[in-house]
Amino acid sequence: MARILITSAIPYINGIKHLGNLVGSQLPADLFARYNRARGHEVLFLCATDEHGTPAELAAAKTGEPVDEYCARMWGVQKELSDGFGLSFDKFGRSSSPQNHALTQHFAGKLAEAGLIEEVTESQVYSNADGRFLPDRYIEGTCPNCGYDRARGDQCENCTKQLDPTDLIEPRSAISGSTELEVRETKHLYLKQRSLRKELSDWIDTKTDWPILTTSIARKWLNDGDGLQDRGITRDLDWGIPVKKGDQDWPGMEGKVFYVWFDAPIEYIACAKEWSDERGAPDAEWERWWRTDKGADDVRYVQFMGKDNVPFHTLSFPATIIGSGEPWKLVDYIKSFNYLNYDGGQFSTSQGRGVFMDQALEILPADYWRWWLLSHAPESSDSEFTWENFQSSVNKDLADVLGNFVSRVTKFCRSKFGEGVPAGGAWGAEEEALIARLTEGLAAYERHMEAIEVRKAAAELRALWVAGNEYLQSAAPWAAYKEDPERAAAVVRLALNLIRVYAVLSAPFIPDAAARMLSSMNTLDTEWPGDMRAALEALPAGHAFTVPDVLFRKISDEERADWETRFAGTR
RNA sequence: GGGCCUGUAGCUCAAUUGGUUAGAGCAGAGCGCUCAUAACGCUUUGGUUGGGGGUUCGAGUCCCUCCGGGCCUACCA
């Protein structure tokens, strides 16, 4: 039994995430977690909300709530939605937790002891009206290059020129519109990533099995231009983790907080402590997942994220861990994803374009979304959601191939033998062929799952469902029943058992439907079919079952047309 | 500007890393079945692998070039 630590990129607290965010990290991470649990491995699957930073403060100001209350409320919203999608986190934590405060400060202290922190005095734009320093993106003005009057302080969206906030003509706050801006000096801590460059580079070079998307982004940041740069890890904000050196004050850094990108990955670790603390367990409980000196040396740690997160997970966070000089677990495999587009464009939160997690669950059960998103995961390049594709895939795969299989088997059995597994008859050549086919397909499915080839795993699972229909067609129990009811009984007995096997194999993708299949088969046996022959005899003759309701109703053309309009944006 | 990824059947994607005749699913066509959610099964049409050039006994795969799509470029997270 292996031990597998899985983390999904932690979603920002600000607002409800869309399907593109979901398929880029949390959903495939859940698939992998469920699969490994089903294989009997010990899994710790962690996620959390990423709560600090300017956007959270502004979002809270907009609703009139104190930022801590806003975050607590939004954590609840996101938790409910992740439950709704069946995301099986062992702990869904918060980056604002006391555990993360302590651990983030601890890491900063260790990095300082190691001489990897530098204090830098720099100039930043301060807005008197807003009473805060403004990140470059929150300063607007006229572009000196093209004259566009809504250029941002980091870049002009019109002419794409890189800018410095002081380049802008008539700069103003993007928050309040105030032009009362001034440049103030402020002191910040920098993580000296440059001195860890060689170590990080060597480490990345050993990761020959990582997706090319992951390593190429890491190498670019390591080698581009002057190479890996030191990184500011503090900000002048109220909402965040106060800058401390361990539990000691940090002279000169009063009133400052750590930058979200410093504390957010540390929450992966702190979340494990949240998980054990809430059960009153000792620290050893979470440390055996994270400390290689306390049992984590045999843990395989896998991270899931969208490509925009890769630099922080391949370089910044490892720099924090390596730089601490302490034996923390480093990531073993990073699975990164491209973006999911929506019907010819991007998902857009501001324009309400595309399907968001809450809306998705309002119109269809989670399994529909899970299946489509995972079977179309943007692994090799950006992929695209269209309603037409969604409707046809889901109707065909889930309703026709899997759902109808369950339906035809259970209803045929009920009408000929009653609602119990029928006795009699024997297996012949067709059953042997099916067992061989399923055994072979299952091996491929396992290979793809272990390689985290999500789309390939989905295709193989579907092929296993198809094999059941092929078998029924050739064994034709409805024909056999007329001449040789015992033969029909043997076929139906196998087919009913196949429903249980499908439930077990499909559960990582479609957990709710899998649970209903097991429930209608009246069994709690979720044993992985390592021996397919034995697995197809798990439900013995005489075992009672019930005919389930339709597993997946089909999406009609009317619904599709309706949703197409509804989610087109700018409602 | 620089870098990276990507372009394969009408659509969504494969192709064991340079090796026989480029394969699946959906959609289309034909046939079969009648247990089933008008579901299932079988057969089948469909490709100058974005264009051009090169290396090689051999290129979807490697190199050059052009065209299209996307991402990143460090203070949004």
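Throughout, protein chains are lettered first and strands after them, A, B, ... in sequence-line order, and every chain is numbered starting at 1. Side chains are part of it too, since the values below use all heavy atoms of this structure and drop only hydrogens, waters and symmetry mates.
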Tell me if B:U73 is syn or anti. Syn = glycosidic torsion within 90° of 0, anti otherwise.
anti

Between B:A36 (P) and A:Arg414 (CZ): distance, integer Å:
10 Å

Whether A:Lys192 engages the ring of A:Tyr190 as a cation-pi pair (distance to the six-membered ring centre under 6.0 angstrom, angle to the ring normal within 45°) should be assessed.
no

With rounding to the closest Å, how many angstrom separate the P atoms on B:C57 and B:U16?
23 Å

Can you say whether a donor on the side chain of A:Gln124 sits under 3.5 Å from an acceptor on the base of B:C75, or the other way round?
yes

Between B:U44 and B:U48, how far is it from one C1' atom to the other, in whole Å?
23 Å

Which part of the nucleic acid, if any, lies within contact of A:Asp308, taking any heavy atom under 4.0 Å across all strands shown: a base, the sugar-phosphate backbone alone, or nothing?
base

With a 4.0 Å limit, can you tell me whether A:Lys220 has a side-chain N or O closer than that to the phosphate oxygens OP1/OP2 of B:A74?
no

Say you pick atom C1' in B:C42 and the same atom in B:U34; how far apart are they, in whole Å?
15 Å

Say you pick atom P in B:U65 and the same atom in B:G70; how far apart are they, in whole Å?
22 Å

Decide if the gap between the ring center of A:Trp369 and the ring center of A:Phe390 is smaller than 6.0 angstrom.
yes

What is the separation between atom CD on A:Gln391 and atom C1' on B:C26, rounded to the nearest whole Å?
12 Å

If you check every side-chain atom of A:Gln229, which of B:A36, B:A74, B:G41 has the closest atom?
B:A74

With a cut-off of less than 4.0 Å, is there a side-chain N or O of A:Lys411 near OP1 or OP2 of B:U37?
yes

Could you check which of B:A39, B:U73, B:C76 has an atom nearest any side-chain atom of A:Trp221?
B:U73

Select base, sugar-phosphate, or nothing to describe what A:Leu551 touches, counting heavy atoms under 4.0 Å on all strands.
base

Can you tell me the distance, in whole Å, between the CG atom of A:Asp397 and the C1' atom of B:G25?
8 Å

Please determine if A:Arg219 and A:Asp205 form a salt bridge, counting it only when a charged side-chain N lies under 4.0 Å from a carboxylate O.
yes

If the threshold is 4.0 Å, N to carboxylate O, is there a salt bridge linking A:Arg487 and A:Glu431?
yes

So which nucleotide from B:C35, B:C76, B:A74 ends up closest to the side chain of A:Leu228?
B:A74

Looking only at atom P, what distance separates B:G46 and B:C40, rounded to whole Å?
25 Å

At their closest point, which heavy atom of A:Leu222 faces which heavy atom of A:Ser201, and how far apart are they?
CD1-CA, 3.7 Å

Within the pair A:Lys554 and B:A39, is there a side-chain N or O less than 4.0 Å away from OP1 or OP2?
yes

Do the side-chain N or O atoms of A:Lys456 get closer than 4.0 angstrom to the phosphate oxygens (OP1, OP2) of B:A15?
yes

Side-chain donor/acceptor contact of A:Asn404 with base of B:A36 under 3.5 Å
yes

Kindly point out which of B:C26, B:C75, B:A39 is positioned nearest to the side chain of A:Arg462?
B:C26

Counting only side-chain nitrogens and oxygens, does A:Tyr259 get under 4.0 Å of the OP1 or OP2 atom of B:A77?
yes

Using a heavy-atom cut-off of under 4.0 Å over every strand shown, decide if A:Val260 touches base, sugar-phosphate, or nothing.
sugar-phosphate

Minimum-distance nucleotide to A:Trp261 side chain [options: B:A77, B:C75, B:U37]:
B:A77

Within the 4.0 Å heavy-atom criterion, would you say A:Pro55 contacts the bases, only the backbone, or no part of the nucleic acid?
sugar-phosphate

Between B:A15 and B:U61, how far is it from one P atom to the other, in whole Å?
14 Å

What integer distance in Å separates A:Phe412:CZ from B:U34:C1'?
11 Å

Establish, for the pair A:Lys17 and A:Phe356, whether the NZ or CZ atom is under 6.0 angstrom from the six-membered ring centre and no further than 45 degrees off its axis.
no

Can you tell me the distance, in whole Å, between the CG atom of A:Asn341 and the P atom of B:U6?
16 Å

Rounded distance in Å - CD (A:Glu140) to P (B:C76)
14 Å

Contact under 4.0 Å: A:Tyr339 side-chain N or O vs B:G69 OP1/OP2:
no

At under 4.0 Å between heavy atoms, what does A:Glu51 touch on the DNA or RNA strands: base, sugar-phosphate, or nothing?
nothing

Using the C1' atom in both, what is the distance from B:U37 to B:C5, to the nearest Å?
42 Å

Quick test of your reading of the model: are A:Lys554 and A:Glu559 salt-bridged, counting only N-O distances below 4.0 Å?
no

Could you check whether A:Arg184 pairs with A:Glu182 (Lys NZ or Arg NE/NH1/NH2 to Asp/Glu carboxylate O, under 4.0 Å)?
yes

Determine, step by step, whether A:Lys335 and A:Glu453 satisfy the salt bridge (Lys or Arg N to Asp or Glu O under 4.0 Å) criterion, reporting the C-alpha distance in whole Å, the side-chain angles of both residues, the deciding distance to 0.1 Å, and the verdict.
CA-CA 10 Å; A:Lys335 176 72 179 183; A:Glu453 294 266 17; 5.0 Å; no

Testing B:U37, B:G70, B:C40 for proximity to the side chain of A:Lys307, the answer is B:G70

Provide the distance between the two P atoms, one in B:A39 and one in B:A29, to the nearest whole Å.
14 Å

In whole angstroms, the gap separating P of B:U12 from CG of A:Asn338 amounts to 15 Å

Would you check if A:Trp478 stacks with the base of B:C35, given a 5.5 Å centroid limit and a 30° plane limit, both strict?
yes

With sugar-phosphate meaning primed atoms plus P, OP1 and OP2, does A:Asn389 contact a base, only sugar-phosphate, or nothing at under 4.0 Å between heavy atoms?
sugar-phosphate

Residue mapping more 5' on RNA chain B - nearest nucleotide basis, A:Ser415 or A:Ser392
A:Ser392

Can you find an N or O donor on one side and an acceptor on the other, under 3.5 Å apart, linking the side chain of A:Glu379 with the base of B:C13?
no

Measure from NZ or CZ of A:Lys416 to the centre of the six-membered ring of A:Tyr481 and say whether it is under 6.0 Å with the direction within 45° of the ring axis.
yes

Under a 3.5 Å cutoff on both atom distances, Watson-Crick or G-U, what's the dot-bracket for RNA chain B ([ ] crossing, | other strand)?
(((((((..((((.....[...)))).(((((.......))))).....(((((..]....))))))))))))....

Please determine, for the side chain of A:Val466, which listed nucleotide (B:G41, B:A14, B:C75) has the closest atom?
B:G41

Using side chain to side chain contact (heavy atoms under 4.5 Å, CB included), reason through A:Glu51 and A:Trp75 one step at a time and then give a plain yes or no.
CA-CA 9 Å; A:Glu51 304 194 358; A:Trp75 177 87; 4.2 Å; yes

Sugar-phosphate only, base, or nothing, as touched by A:Ser393 at under 4.0 Å among non-hydrogen atoms:
nothing

In whole angstrom, give the distance that lies between atom CG of A:Asp400 and atom P of B:U34.
20 Å

